[in-house]
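The shown structure was predicted, so the numbers you read here are calculated from the model rather than taken from an experiment. Heavy-atom basis, side chains included; hydrogens, waters and symmetry copies ignored. Numbered from 1 within each chain, the chains take letters A, B, ... in sequence-line order.
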Amino acid sequence: MLLARIVETSQTVAATRSRKAKVAALAVPLAEAGPGELEVVVAYLGGSLLQRRTGVGWRGLGSPPEPADEPSLTVHEVHAAFEHLAGLSGSGSQAARAAAVQDLLGRATAEEQVWLRGVITGNVRQGALDALVQEGLAAASGAPLSAVRRAAMLAGGTVPIARAAFSGESALAEVCLEVGRPVLPMLASSAPDVGAAMAKAGGGAVSIDTKLDGIRIQVHKDGDDVVIATRSLDVITDRLPEVVDIVRALPASRLVLDGEALALADDGRPRPFQETASRTAMGAGVTVTPYFFDLLHLDGTNLLDRPGAERWAALADLVPAEHRTPSVTTSDVAEAESFVRTALDLGHEGVVVKSVSAPYDAGRRGSAWVKVKPVHTLDLVVLAVEWGSGRREGWLSNIHLGARADDGDGFVMLGKTFKGMTDEMLAWQTGRFTELALEPAEVKAHHVVPVRPEQVVEIALDGIQRSTRYPGGIALRFARVVRYRDDKSPDEADTLATVKEMFGG
DNA sequence: TTCCGACAGTGGGGTCGCAAT
DNA sequence: ATTGCGACCCCACTATCGGAA
């Protein structure tokens, strides 16, 4: 198949807003693809490469060479070119990569070049990713969408099950959880408070799990072989030797566990997320401790489809309490709230409320698991704004946030945010910050537009973290706009000292 | 007819490994 | 030794479509 087929399809998909039309367009090349190219076609239609990493990003693309007049590249040739790129390493590899990228782009038409640049930087932006490709696969093969989805979740992606979809429903049904092959992890939706979360999770008795602020781990054990995968199914076994030892010692020969790994201080309280993420923490003698909250397989039996209560009972029989996520089962909101307070007092992020009857829905973010985290707010001042991209093209989008300096002179930047803005707010702030621009004539000429520090904005955030990037030594974590405050002047905004004090720094 | 679940997009800060400087 | 880049860790939120209620 020619790459041009993929590119045409991508353009068609991008040109319609109807999801049904997108799916119909995706189904055509999927039905045309030969057995030897189906995997590549599935990946490319979803805007991704089969290579996990190529070593080339937006910077390594360079300026585009003269495009070809006629399309000639096949998907096979493109795949081979990326395989070559991915294999380059060592001294001089950057120059070799640049040359290989230029060679590939030089063989592409102008439209193919656009698509190739998109797929390399992860910016195809056609309004369809893996989920719609799965729908297209179901449409093209005649297999039920539910069977395609389930197989993809259990196989860790759509690519590995594409051929099975064309082999019929029974072939898809045979795809099941295999010890040693990571499945997509179940995700949690969110709710503002525990009461709402309990209602969302189905009411009645629920499990309230402590939400630990570390790295999600899925651990597969087959005899002495242990594999640890992250949320995106990256294998990080070598980085967590303590976890490997702990799982090897568990009294079962084959198992799949889901949990969280985090670094603890000497007093047992969790260290900041940054220290869990850092290997320096391990190097400094800080161990990373695993806490497991689910069991997906045990000695030949897949537990995914069993109710939560049953899986967790099996987990409790297998894993000692010191390596299980603290939790309580209750239907009483007051008891749940009390558990949340305890979790927060112990320094944890919050809780995850879980239905006791729901199965483990791999790869889904449903209402069976609902997270609850406390929200803090600050009143900060907008110091600059950045022009948006994509659907925010032409709007001033990302705002720079500052707290009042402690010496009363000026503002200290603490971070940026683009979150929480409605289209109405984007329109308003584009006008407002154009008015406040330090250099009104230059507003459209620069990506970053500095403004007079006069607009106060209420910002929600999860907390602060250590920063070497920002002058105050701290940065906001997960900042988002709540509302613009026209009832407050900049000299009423929060100070750096207040911010540090609020978060115990 | 209205409601709501699922998706895609729009980006945030920090950390590592690796290659170039 | 330092710097820049790519890749990945954590992630919130809004708009939209289309099926469910």
*Taking the six-membered ring where the residue is Trp, are the ring centres of F433(A) and W387(A) under 6.0 Å apart?*
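No.
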Give one of base, sugar-phosphate or nothing for [X], where a contact means two heavy atoms less than 4.0 Å apart.
| X | answer |
| --- | --- |
| K200(A) | nothing |
| R149(A) | sugar-phosphate |
| K371(A) | sugar-phosphate |
| A128(A) | sugar-phosphate |
| A479(A) | nothing |
| S397(A) | sugar-phosphate |
| S190(A) | nothing |

_Footprint string (nucleotides 2-10 of chain C, 5' to 3'): B base within contact, S backbone only, - free, heavy atoms under 4.0 Å_ = ---SSSSSB
*asked:* Strictly under 4.0 angstrom, non-hydrogen atoms only: write out the protein contact profile of nucleotides 14-21 of chain C, one letter per nucleotide from the 5' end, B, S or -.
replied: SSBBSS--
Between [atom2] on [N] and [atom1] on [X], what's the gap in Å once rounded to a whole number?
| X | N | atom1 | atom2 | answer |
| --- | --- | --- | --- | --- |
| Q126(A) | dT10(B) | CD | P | 13 Å |
| R365(A) | dA6(B) | CZ | C1' | 11 Å |
| L461(A) | dG14(B) | CG | P | 14 Å |
| K416(A) | dG14(B) | NZ | P | 11 Å |
| L212(A) | dC11(C) | CG | C1' | 17 Å |
| M153(A) | dC7(B) | CE | C1' | 12 Å |
| E275(A) | dG14(B) | CD | P | 14 Å |
| H400(A) | dG12(B) | NE2 | C1' | 11 Å |

Side-chain N or O of [X] less than 4.0 angstrom from OP1 or OP2 on [N]?
| X | N | value |
| --- | --- | --- |
| S278(A) | dG14(B) | no |
| N398(A) | dG12(B) | yes |
| R469(A) | dG12(B) | no |
| Q465(A) | dG14(B) | no |

*asked:* Can you confirm whether E169(A) is buried at CD, in the sense that more than 12 heavy atoms of other residues, nucleotides or ligands lie under 6.0 Å from that atom?
replied: no
*Is the number of heavy atoms from other residues, nucleotides or ligands within 6.0 Å of CD (E111(A)) greater than 12?*
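Check fails, neighbour count at 12 or below.
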*How do L414(A) and A131(A) order along DNA chain B: which one's closest nucleotide is nearer the 5' end?*
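Final value for this comparison: A131(A).
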*Tell me which of S89(A) and G390(A) sits closer to the 5' end of DNA chain B, going by the nucleotide each one is nearest to.*
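This one resolves to G390(A).
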*Who does dC7(B) pair with, Watson-Crick or G-U, both distances under 3.5 Å?*
none
*Pick one: which of V351(A), D209(A), T210(A), L346(A) meets side-chain contact (heavy atoms from CB on, under 4.5 Å) with P326(A)?*
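Running side-chain contact (heavy atoms from CB on, under 4.5 Å) over V351(A), D209(A), T210(A), L346(A) with P326(A) returns exactly one hit, T210(A).
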Do [Y] and [X] meet the salt-bridge criterion of a basic N to acidic O distance under 4.0 Å?
| X | Y | value |
| --- | --- | --- |
| R466(A) | E275(A) | yes |
| D423(A) | R391(A) | yes |
| D234(A) | R239(A) | no |
| K500(A) | D494(A) | no |
| E386(A) | K416(A) | yes |

*Closest to the R480(A) side chain: dT10(B), dC13(C), dA8(B)?*
dC13(C)
*Listed nucleotide nearest any side-chain atom of S93(A), set dA8(B), dA19(B), dG12(B)*: dA19(B)
*asked:* Assess the residue pair E260(A) and T276(A) against the criterion (side chain to side chain contact (heavy atoms under 4.5 Å, CB included)); give the C-alpha distance rounded to whole Å, side-chain angles, the decisive distance to 0.1 Å, and a yes or no.
replied: CA-CA 11 Å; E260(A) 192 90 2; T276(A) 292; over 6 Å; no
*Determine yes or no for a side-chain-to-main-chain donor-acceptor pair under 3.5 angstrom, with E458(A) supplying the side chain and V482(A) the backbone.*
no
